[in-house]
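The structure appears right after this line, and notes come after that.
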Amino acid sequence: MRHFHVLIVDDEIHSIRGVQAGVNWEKYNISTVHTAHNLKQAQEVFLKNQVDILLCDIEMPRGSGLDLLKWVREHYPSTEAVFLTCHSDFTYAKQALQLRSLNYLLKPVDYQELEEVIQEALEKIKKENEAKMVEESYQQLKESHFSVLKERFWLDLIQQVVPSTADKIEEHMKHHHVFYPESTTFLPVLFHVQRWRKVLSVHEEKVRENTLQKAVLEVITEHEMDAHVVNIETGYVLVILPKSNTVNMEELSNNINLFISQFSQYFSCDICGYIGKQVRIQEVMSMVQNLQELDRNNVTETNKLIFKNEKKGLCSSPNLPFSEWTSLMKSGPKEKFLEVISKYFEEWKKVDYISAQSLHLFYQDFLQLVFYVLQVKGIQANQVYSQNLLTEKPQKVLRSLNSLQEWVIYIADVAMNQLHVPQEKGSVVDIVKKFIRDHLGEQRLTREEIAKYVYLNPDYLTRVFKKQTGLSLSDYLQQQRIEYAKKLLVETNSPVSEVALAAGYSNFSYFSTIFKKSTELNPMEFRKMSLFSEKS
C-alpha cells in the first residue's frame, strides 16, 4: 500500500504543531509530515521530496501561500493544496480556486473537518493515479498494437505477400494503419550473424538473436526515431529507415560500424551489415533482395558494414588440381597433402572477388575427389562419413572461405587417417572431446549426435575413438559427466537433483546408481566427504 507525504507551511510555529498533533496521520497512510515556515523553505522541501498534499497559510512574510501555490502548479501540478487562513477575504478565496486549491479552511481549524478534506484529497489523488495508470497502459497497448501492425506490414512486403505496386501497397498500408507522406523514401539495412564463435545450445542462440534485435533497435532508434526492425529469418535482422530527406550516410555508417565492433566482441560472433540506397516504398523489396544477394556472395568479409554500391572485380578461383590431389591422397603423407590444401586456399584468398557459387562448386568437386580415392582404395565413403554429409549440405561451412578451408582440411584429415592408418592421436578425437565438454548437460547427447556433428559414420567414429583413447564413446561420455557432477557437488551448494540435471541425467535414481558405481559413494556422501577433507 502506498504511503503519502504532507507538507505544512505556516510562519507561526504553534499553528504547525497544532495541525501535527490534531490529525491522525496513520489513519490515512501518511508516513511523513514535512514542515516549513516560509516560501523558500517550502520550495526546498518540494525539491527533495515528493509532496502529495500541501497545507498552507496564505499570509506569510517573504512570499505568500498564493505565491507558493503558483510555483507548485508550474513544477508539481499533481500536488493537492488546502489553504488554512485567518482571513475570509473573498479575493483570497477566489485566487485559491483559480490555482485549483482543493479547499479553503478558516483558522482555528476544526481537525475533524481537516481530516475529511485530507481524505477527499487522498481519494482524488488515488483516482487520478488510477486514471493515469489506465491511460499509460492503454497507450502502451496502443503503441504495441501499432508496432505489431507495422512489423506485419513490412514482413508482408518483404516476403512478397503483397505485390510491390503503388496501389496494392497503399491498400495494404491502410489495412495495417500505416501512413507515410508521399515524399518518403526508405533505406534498408540488413544485419547477419555469420557465426557464433562459441558452441551454443538452441536456447542460447535464440536468446542471443533476440538480444541482437533489441540492440539493433536501440542503436538505430537512438538516432532515427521512426526506424522499423524486422526479424526476417534466423540470424538476420532487417532495419527500414523512412526518411523525408537525404540520409547522413557518414554518420549512420559510423554508428553502425561502432555497433558491429562492440556487438561482435561482447557476444563473440562474426556479424556483417549491408546498407542499401534510399528508394521508394515499391522498390524496397527489390533493394532488400539485393542486400540478401550481397550477403550470400560475401564469403570473405566479417565484422564490417558493406555498401550496396561497392564495386567488385570478376569472380574467379584457382582450378582444383584434381590429378595432383588424387595422387597425394593415394600416396601420402598426410602432412604433405594438408600443406598443399592450405597453400591452395592462401592463393585463393588473394583473388579480388570470390562468390558463394565458387565455394559451392569447389565443395562439390572436392567431395567427388575424396569419394573417388576412397572407392579406388576399396573403402566405402558411407563407412567413414555420416549420411548428413551428403543429405544435409553444411550451409555453415559454405558461408565463408575460412570456414570452407577448415572443413576441407578436416575432411581430408579423416580420409588420410583411414587411408594411411595414423600412428598418433588425430584431430577428430580432439574435436569430439571438446564437443562433449561443451554439451555435457544435454540429455540428447548421444553417439549419433556426436558423429553427426563431425560428419562421421557412428561406427567408424567409435572405432577411431576407442583406438586412440582406450575408451568407448559412451564410456568416455559417462566418465566426463560424473567428473562434472563431482565438480558441481564440491564447488556449489546446488541440490543433488539439480546437479544430476546439469550433468545430463534426467533420471535421479539412475544418476545416483551410476555415481556410486564410479566413486563407491552416493552423491550426498561424496559431498560430505569432500567438505570434511577441506576442513581437515
Surrounding [atom1] of [X] (heavy atoms of other residues, nucleotides or ligands, distance under 6.0 Å), is the total greater than 12?
X: R17; atom1: CZ; answer: no
X: E182; atom1: CD; answer: no
X: N493; atom1: CG; answer: no
X: K349; atom1: NZ; answer: yes
X: R280; atom1: CZ; answer: no
X: Y484; atom1: OH; answer: no

Quick one: does [X]'s side chain get under 4.5 Å of [Y]'s, heavy atoms only?
X: V72; Y: F46; answer: yes
X: E209; Y: T234; answer: yes
X: Q289; Y: Q160; answer: yes
X: E115; Y: K27; answer: yes
X: L489; Y: F515; answer: yes
X: F267; Y: V193; answer: no
X: S31; Y: E26; answer: no

Check whether the side chains of [X] and [Y] place a donor and an acceptor atom closer than 3.5 Å, and report yes or no.
X: N297; Y: E293; answer: yes
X: N290; Y: Y274; answer: no
X: H5; Y: D52; answer: no
X: N402; Y: S400; answer: no

Looking at [atom1] of [X] and [atom2] of [Y], how far apart are the two atoms once the value is rounded to the nearest 0.5 Å?
X: L66; Y: L39; atom1: CG; atom2: CG; result: 11.0 Å
X: H172; Y: I281; atom1: NE2; atom2: CD1; result: 10.5 Å
X: L84; Y: L106; atom1: CG; atom2: CG; result: 9.5 Å
X: I158; Y: M285; atom1: CD1; atom2: CE; result: 6.0 Å
X: E120; Y: I53; atom1: CD; atom2: CD1; result: 10.0 Å
X: E525; Y: S512; atom1: CD; atom2: OG; result: 10.5 Å

*Exam field: side chain N303 to backbone I271, donor-acceptor pair closer than 3.5 Å*: yes
_Main-chain N/O of M249 paired to S253 side chain as donor or acceptor, under 3.5 Å_ = yes
*Stepwise, does the ring pair (Phe, Tyr, Trp, His ring centres under 6.0 Å) test hold for W25 with F4?*
CA-CA 10 Å; W25 304 105; F4 299 92; over 10 Å; no
_For a salt bridge (charged side-chain N to carboxylate O under 4.0 Å, His left out) check, start with the C-alpha distance between K107 and D57, then their side-chain angles and the critical distance, and finish with the verdict._
CA-CA 9 Å; K107 295 179 181 178; D57 190 11; 3.7 Å; yes
*Which of these, R481, K486, K487, sits in a salt bridge (Lys or Arg N to Asp or Glu O under 4.0 Å) with E483?*
K486
*I would like to know whether K243 and Q278 meet side chain to side chain contact (heavy atoms under 4.5 Å, CB included); could you show each step before the answer?*
CA-CA 8 Å; K243 300 292 289 186; Q278 283 181 262; 3.7 Å; yes
Write down the atom of [X], the atom of [Y], and the distance for their closest heavy-atom approach.
X: P163; Y: I169; result: O-CG1, 3.7 Å
X: N103; Y: V117; result: ND2-CG2, 3.5 Å
X: K277; Y: P188; result: O-CD, 3.6 Å
X: I260; Y: G273; result: CD1-N, 3.7 Å

*Could you go through the side chain to side chain contact (heavy atoms under 4.5 Å, CB included) check for R527 and T492 one step at a time?*
CA-CA 10 Å; R527 173 173 273 172; T492 74; 4.1 Å; yes
*asked:* Exactly one of L291, V239, I306, L305 should register a side chain to side chain contact (heavy atoms under 4.5 Å, CB included) with I275. Which one does?
replied: L305
Should the ring pair [X] and [Y] be called parallel, tilted or perpendicular, given that the plane angle runs from 0 to 90° and is split at 30 and 60?
X: F511; Y: Y505; value: tilted
X: Y453; Y: F435; value: parallel
X: F263; Y: W196; value: tilted

*Intermediate values then yes/no, side chain to side chain contact (heavy atoms under 4.5 Å, CB included), V6 and H34*: CA-CA 6 Å; V6 169; H34 304 279; over 6 Å; no
*Check ion pair K452-E449 (N to O, under 4.0 angstrom)*: no
*Dump the intermediate steps for side chain to side chain contact (heavy atoms under 4.5 Å, CB included) on V288 and L190, then the final yes or no.*
CA-CA 8 Å; V288 171; L190 180 66; 5.8 Å; no
